[in-house]
Amino acid sequence: MSQLTVYNSLTRKKEVFKSIIPNRAGMYVCGPTVSGESHLGHARPFITFDIIYRYLRHLGYKVRYVRNITDAGHFEEEGREAEDKISKKAVLEKLEPMELVQKYTNLFHWAMRAFNNLDPDIEPTATGHIVEQIGMIEKIIVDGYAYEANGSVYFDVEKYNRDFAPKGMPYGILSGRVLEDMLETTRELDNQEEKRNKADFALWKNAPPEHIMRWASPWGEGFPGWHIECSAMSTKYLGREFDIHGGGMDLQFPHHECEIAQSAVCNHHIPARYWLHNNMITINGKKMGKSYNNVIKLTELFSGSHPALEQGYSPMVIRFFILQTHYRSTLDFSNEALKAAERGLKRLWEGYENLKKLPDSNNGTQAANTDAALNEKVTSLLAGFDEFMDDDFNTAKVMANMFELVPVINGIKDKHIAEDALSTATLAALKGKMKTFMEDIFGLMDEQESKDGKLDSVLQLLITIRKDARNKRDYITSDKIRNELATIGIQIKDEKDGNMSYTIG
RNA sequence: GGUCCUGUGGCCGAGUGACUAGGCAGAGCUCUGCAAAAGCUCGUACAGCGGUUUGAAUCCGCUCGGGACCUCCA
């Protein structure tokens, strides 16, 4: 039995995963900012960490998965005037800030469900933890690592680094930056007067009079800086030190770096042992992101209503698409790639459906035709499932093995391969493992419209009529049924034994 | 400018120094009334140049190309 190894951004190498408390794991993943609709790029971390969550559970860990909702606007600090994304948008859309936040939270949850992502165990909101954030800021001030200026509070990065670098927690430990270098880089930043040092970051921001989202604090009315919410909420729900902290690579700096500094002051620990970062989704080689104006929203992606899309792509196709690549590689979006994923998923899922229909045992004709080489091949492909997942969640390699099993399954179904070529035990292992990995770990599911009920009865009737027609060599009628159904999007498949099946969509 | 990543067959992509991942598309064949589906077979790719090595897509150097972060960002 191999051990789970994960690539830790903190140490920049793969390490054996060992949880702080045996058989329990705490995982914090940075969630969405609900000031707008999620796009394809956002889907990646949530699907990636859903797989990680599912796999840890599969390994027997009792996992506490915390994923926050950022519903208190944080600054766009490059702006001349500090502005709050959520407040600004709320004014634009003529909504109460919380109304706006609710709208996009609901939409986010809808998308997560469509992707078949499991719900996190705790999904805390920034606005629900103002008290904790203020408490943490106060502690940082008392310890001397933050200062107040005009109703705002800033973290003193230079002082922090001076004191914590000797303790093995320099500012830049996660992103591999050297503070001195950062201070040297000449970069024009506005709104810097209040900061003692340009590397300092806001813990609390004074709210100008017109600002709608505001809370009372020891420093006047204002709202929290972005980084502090994750520190406050991860500490509250996972403790001073927990196992996994996840998010997109673009959060590594400054967001996660700042979290480490804040938590180090308050908790004397780097908050998480393992820092996992997923890579970006690109489009035409460029990162998909608001600033590049190249995002495809999830609603657009599903429906196909975006100029860059030739068609809509279902949530499962997106999920499959993401799983086909290792999470630390960039993944380039294109219609060709998505269409290939769509067909690939169809083939894989149908193979899996066929597997489920194979009889469990071969009527006691034990070992008559058992093909030793084939059994071995199947067993070894199945063993690869665990091996590859243990190697930093290499879903792409698991997927490749699954695809290698498909011809075996279809071969048995179509009788190219003897029914009893696989031993009862191997077949059982195949069925069990495929179910576990396809459904429980990869979270794939059937998106076809229900085969139950009246639609199925109607289709079975059409199939019966078509069979009769074929038996009578009335190919005009049989082809008409097949072709008309195809137009509607229902595919009739003639099978070896004269049976017919159908797939929708 | 600083730090780092990356360049694989028509396309997408995995790759731990020797054992030619996988998917999509394409070609041929089998099955089939026809078609689809399915099965079988086929394509020997690793940006370029040099080096290390018995052996390099994989390690090192240089060149060229692409990208990320350094500012909000998944």
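Order of the sequence lines sets the chain letters (A, B, ...), proteins ahead of strands, with each chain counted from 1.
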List, with names and distances, any nitrogen or oxygen atoms from the protein found under 3.5 Å away from nitrogen or oxygen atoms belonging to nucleotides 37-43 of chain B.
residue	atom	partner	partner atom	Å
B/rA38	O3'	A/Asn410	ND2	2.9
B/rA38	O2'	A/Asp414	OD2	2.4
B/rG39	OP1	A/Asn410	ND2	3.1
B/rG39	OP2	A/Arg347	NH1	2.9
B/rG39	O4'	A/His416	ND1	3.4

Students often get this wrong, so: under 4.0 angstrom with heavy atoms, is [X] touching a base, only sugar-phosphate, or nothing?
X	answer
A/Asn394	sugar-phosphate
A/Phe253	sugar-phosphate
A/Ser38	nothing
A/His42	base
A/Ile281	base
A/Thr325	sugar-phosphate

Which value, in whole Å, describes the distance between the [atom1] atoms of nucleotides [N] and [M]?
N	M	atom1	value
B/rA47	B/rA14	P	14 Å
B/rG7	B/rC46	P	14 Å
B/rA45	B/rA21	C1'	13 Å
B/rC24	B/rU16	C1'	27 Å
B/rA27	B/rG33	C1'	25 Å
B/rG48	B/rC64	C1'	7 Å
B/rG22	B/rG55	P	28 Å
B/rA25	B/rU71	C1'	42 Å

message: Testing the basics here: between A/Arg54 and A/Asn116, what is the closest heavy-atom pair and its distance to 0.1 Å?
response: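 For A/Arg54 and A/Asn116, the tightest heavy-atom pair comes out as NH2-O, 2.7 Å.
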query: Which atom pair, heavy atoms only, marks the closest approach of A/Thr125 to A/Asp71?
result: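 That would be CB-OD2, 3.4 Å.
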message: If the threshold is 4.0 Å, N to carboxylate O, is there a salt bridge linking A/Lys357 and A/Glu353?
response: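 No, no charged N to carboxylate O under 4.0 Å.
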query: Got a salt bridge between A/Asp391 and A/Lys397, using NZ or NE/NH1/NH2 to carboxylate O under 4.0 Å?
result: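 Here A/Asp391 does not pair with A/Lys397 in a salt bridge, since their nearest N and O are not under 4.0 Å apart.
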Pairing nucleotide - [N], Watson-Crick or G-U, each distance under 3.5 Å:
N	answer
B/rA57	none
B/rU44	none
B/rU3	B/rA68
B/rA38	B/rU30
B/rC24	B/rG10

Could you tell me how far apart [X] ([atom1]) and [N] ([atom2]) are, to the nearest whole angstrom?
X	N	atom1	atom2	answer
A/Leu179	B/rC69	CG	C1'	16 Å
A/Phe321	B/rC11	CZ	C1'	12 Å
A/Phe320	B/rA14	CZ	P	13 Å
A/Lys397	B/rA14	NZ	P	11 Å
A/Phe442	B/rG23	CZ	P	15 Å
A/Arg328	B/rU16	CZ	C1'	13 Å

Pairwise 5' ranking along RNA chain B for A/Gly176 and A/Pro45, keeping only the more 5' one: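 Per heavy-atom nearest nucleotide, the more 5' residue is A/Gly176.
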- prompt: With nearest nucleotides of RNA chain B determined for A/Ser478 and A/Met399 from heavy-atom distances, which residue corresponds to the more 5′ nucleotide?
  reply: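 Counting from the 5' end, the first nearest nucleotide belongs to A/Met399.
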field: A/Ser329 side-chain N/O to B/rA14 phosphate OP1/OP2 under 4.0 Å
entry: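 Yes, within the criterion.
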task: Return no unless some side-chain N or O of A/Asn279 is found under 4.0 Å from OP1 or OP2 of B/rC5.
output: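 For B/rC5, OP1/OP2 do not have a side-chain N/O of A/Asn279 under 4.0 Å.
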Can you list, pair by pair, the side-chain donor-acceptor contacts under 3.5 Å of residues 242-253 of chain A, counting residues two or more places apart and other chains?
residue	atom	partner	partner atom	Å
A/Asp243	OD1	A/Ile20	N	2.9
A/Asp243	OD2	A/Gly26	N	2.9
A/His245	NE2	A/Glu259	OE1	2.8
A/His245	NE2	A/Glu259	OE2	3.4
A/Asp250	OD2	A/Lys287	NZ	3.1
A/Gln252	NE2	A/Leu174	O	3.1

field: Whether A/Asp371 side chain and A/Ala421 backbone form a donor-acceptor pair below 3.5 Å
entry: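 Not a single qualifying donor-acceptor pair exists.
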query: Has the side chain of A/Asn8 got a donor or acceptor atom that lies under 3.5 Å from a matching backbone atom of A/Glu15?
result: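 No, the answer is negative, given that no donor and acceptor are paired below the 3.5 Å cut-off.
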Report yes or no: is there a donor-acceptor pair, N or O only, under 3.5 Å between the side chain of [X] and the base of [N]?
X	N	result
A/Arg482	B/rC34	yes
A/Arg343	B/rA25	no
A/Asp332	B/rG13	no

task: Could you tell me whether A/Arg328 sits above the aromatic face of A/Tyr7, with NZ or CZ closer than 6.0 angstrom to the six-membered ring centre and within 45 degrees of the axis?
output: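 Here A/Arg328 passes the 6.0 Å and 45° test against A/Tyr7.
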field: A/Arg67 to A/Phe46, cation-pi by 6.0 Å centre distance and 45° axis angle
entry: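 So A/Arg67 does make the cation-pi contact.
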task: Compare the aromatic ring of A/Phe46 with the six-membered base ring of B/rA74 and state whether they stack according to the 5.5 Å and 30° rule.
output: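 One would not call A/Phe46 stacked on the B/rA74 base.
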message: To the closest 0.5 Å, what do you measure between CE (A/Met399) and CZ (A/Phe437)?
response: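 So the gap between those two atoms works out to 12.0 Å.
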task: Find the distance between CZ (A/Phe321) and CD1 (A/Ile281) and round it off to the nearest 0.5 Å.
output: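 These two atoms lie 6.5 Å from each other.
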task: Sort out for me which residue in A/Phe302, A/Tyr313, A/Phe320 forms a ring pair (Phe, Tyr, Trp, His ring centres under 6.0 Å) with A/Phe115.
output: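 Running ring pair (Phe, Tyr, Trp, His ring centres under 6.0 Å) over A/Phe302, A/Tyr313, A/Phe320 with A/Phe115 returns exactly one hit, A/Phe302.
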Identify each atom pair where a protein N or O and an N or O of nucleotides 65-68 of chain B are less than 3.5 Å apart, giving names and distance.
residue	atom	partner	partner atom	Å
B/rA68	OP1	A/Lys287	N	3.4
B/rA68	OP1	A/Tyr292	OH	3.2

- request: Between B/rG22, B/rA74, B/rC70, spot the one nearest the side chain of A/Arg177, thanks.
  value: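 Nearest to the side-chain atoms of A/Arg177, counting from C-beta on, is B/rC70.
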